[in-house]
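Read the structure below first, then the notes.
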Amino acid sequence: MRTTKRVALSAIALSTALGLTACNSKDAPTATSTASSTSSTSESQNSSDSSSTTSESASETSQGGSEQGGEEKPTSQREDKNDKSALDASVSAIPSGPLTKAEIVKLGGYRTAGGDRGDFYSVLHVDSSGRGLVDIEYVLLDASGNEVGTVKDSISVNKGTNVIKVTRASGELPASAKKVRLKITKNAENSYATVTEVDPNMKVAQDPATKTAIVSGRYKTDGKGGNTSMTAICSDDQGVVQAATSPTKQLRTDGWNDYEVKFLMAVDNFKPTKCYVGS
């Protein structure tokens with residue numbers, strides 16, 4: 001996030017092209033922080049920020065600087081290979097700056113109510129040499145590799161390796177979109193960039209009042225800026241993925257503070273079995 005801006009973003013939601021329904025249903029065909037965290041109902045894992053690759057050719061990578069870029073990593077080679085909303089993607093070259101490596105753990109999206117917009121999400125593993133702000137674009141491509149849309153956001157980074165970054169964003173979703181290219185457009189040092197450390201021990205429960213999923217745990221901020229929200233990207237045992245963002249109670253917190261992410265807009269009977277949380 002840009003100091004006080006939410007650093008969560010997401011990646012893609014292609015419905016008709018990928019056979020996904022408007023609600024990412026279980027019947028659909030399979031298709032920021034020094035440390036963020038992941039969790040399932042039986043396990044948790046700590047890590048930092050990151051981004052990665054999936055499918056588009058090296059020729060799709062952007063010209064511009066860096067230690068890594070153009071690597072292809074289709075969903076069949078990723079953790080999210082069984083997610084119904086996972087998408088093939090590729091990563092552009094990384095311009096010179098504090099972010100030195102980005103690898104995709106999860107990348108995908110689903111069409112939201114209304115039909116013309118999508119909820120985009122990604123979980124990234126990143127290496128960074130220092131504190132900074134990174135602007136990214138999720139470039140939507142058709143079957144021929146032509147650009148049909150973009151969704152923009154930014155993430156904050158700090159020195160670390162194999163750090164988990166969780167991103168989420170909403171944007172227009174053309175029916176022709178079938179792939180995504182993660183493009184890093186800016187990679188700049190910034191002393192005010194604030195990352196959020198997430199305790200890997202988190203709880204996934206059902207709200208008895210709303211009958212929706214809630215992910216809760218602890219976080220603390222690291223940096224001169226603040227954190228306005230927390231984002232969770234969760235999947236169930238059927239490969240259905242949903243993303244949700246909820247506001248934090250405190251803008252800045254040097255010590256541990258509680259967070260709670262509510263899945264108020266999730267599909268009916270969504271019961272997460274594994275989650276990634278970040279900001």
Side-chain angles (χ1 to χ4, degrees), residues 8-31 36-45 47 50-56 71-91 102-113 117-125 138-141 151 164-171 173 177-182 202 204 212-213 215 231-245 261 263 265-278:
L9 147 14
S10 78
I12 325 184
L14 314 179
S15 75
T16 34
L18 297 179
L20 302 180
T21 68
C23 60
N24 186 22
S25 76
K26 295 184 179 181
D27 297 324
T30 303
S36 281
S37 95
T38 80
S39 173
S40 70
T41 51
S42 61
E43 65 177 275
S44 65
Q45 171 184 350
S47 181
S50 129
S51 98
S52 180
T53 81
T54 37
S55 114
E56 268 306 293
E71 182 183 354
E72 297 183 9
K73 194 174 182 182
T75 56
S76 61
Q77 299 175 19
R78 299 196 320 243
E79 175 188 306
D80 61 346
K81 61 184 178 181
N82 294 321
D83 289 352
K84 290 181 167 61
S85 53
L87 298 172
D88 284 349
S90 65
V91 173
E103 180 182 13
I104 293 171
V105 178
K106 295 171 76 75
L107 174 64
Y110 47 91
R111 195 171 294 277
T112 52
R117 295 185 66 79
D119 212 0
F120 306 100
Y121 65 86
S122 63
V123 177
L124 313 170
H125 274 164
Y138 289 84
V139 182
L140 308 183
L141 309 171
V151 177
I164 290 177
K165 277 295 178 184
V166 174
T167 66
R168 179 193 180 205
S170 176
L173 177 59
K178 290 188 176 182
K179 301 178 182 179
V180 63
R181 181 171 71 246
L182 181 64
M202 61 183 69
V204 180
T212 56
V215 178
T231 291
I233 297 172
C234 298
S235 56
D236 67 9
D237 57 6
Q238 301 297 314
V240 176
V241 179
Q242 298 282 273
T245 302
V261 180
F263 284 75
M265 303 301 292
V267 295
D268 292 342
N269 301 313
F270 179 62
K271 296 180 179 180
T273 55
K274 185 170 186 178
C275 294
Y276 289 86
V277 173

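Keep in mind that what you see is a predicted model, and the values were worked out from it rather than measured. Numbering of residues begins at 1 and proceeds along the displayed sequence.
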Search all heavy atoms of Ala244 against all heavy atoms of Val261 and return the closest pair with its distance.
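So the two residues come closest at O-CG1, 3.4 Å.
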Tell me the closest heavy-atom pair linking Val151 and Ala169, and the distance in Å.
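What the structure gives for the nearest pair is CG1-CB, 3.7 Å.
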Just how far is it from atom [atom1] of [X] to atom [atom2] of [Y], taken to the nearest 0.5 Å?
X      : Y      : atom1 : atom2 : value
Gln238 : Asn82  : CD    : CG    : 11.0 Å
Leu87  : Leu140 : CG    : CG    : 9.0 Å
Asp236 : Lys274 : CG    : NZ    : 13.5 Å
Ser90  : Leu182 : OG    : CG    : 8.5 Å

Heavy-atom side-chain contact between [X] and [Y] under 4.5 Å:
X      : Y      : answer
Thr212 : Phe270 : no
Cys234 : Val215 : yes
Lys84  : Tyr110 : no
Val180 : Leu107 : yes
Cys275 : Val204 : yes
Met202 : Val277 : yes

Which is it for Val267 and Val240 under the side chain to side chain contact (heavy atoms under 4.5 Å, CB included) test, yes or no, and what are the steps along the way?
CA-CA 9 Å; Val267 295; Val240 176; 4.3 Å; yes
Give a yes or no on whether the backbone of [Y] and the side-chain of [X] come within a donor-acceptor separation of less than 3.5 Å.
X      : Y      : answer
Gln242 : Ile233 : no
Asp83  : Ser85  : no
Asp88  : Thr75  : yes

Kindly determine whether Arg181 and Leu141 satisfy side chain to side chain contact (heavy atoms under 4.5 Å, CB included), including the steps that lead there.
CA-CA 8 Å; Arg181 181 171 71 246; Leu141 309 171; 3.9 Å; yes
May I ask you to check whether Thr231 and Tyr276 show a side-chain donor-acceptor distance below 3.5 Å?
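No, because no side-chain N or O of Thr231 sits under 3.5 Å from a partner of the opposite role on Tyr276.
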Run the side chain to side chain contact (heavy atoms under 4.5 Å, CB included) test on Lys106 and Glu79 for me, step by step, so that the C-alpha distance in whole Å, both residues' side-chain angles and the decisive distance to 0.1 Å come before the verdict.
CA-CA 7 Å; Lys106 295 171 76 75; Glu79 175 188 306; 4.2 Å; yes
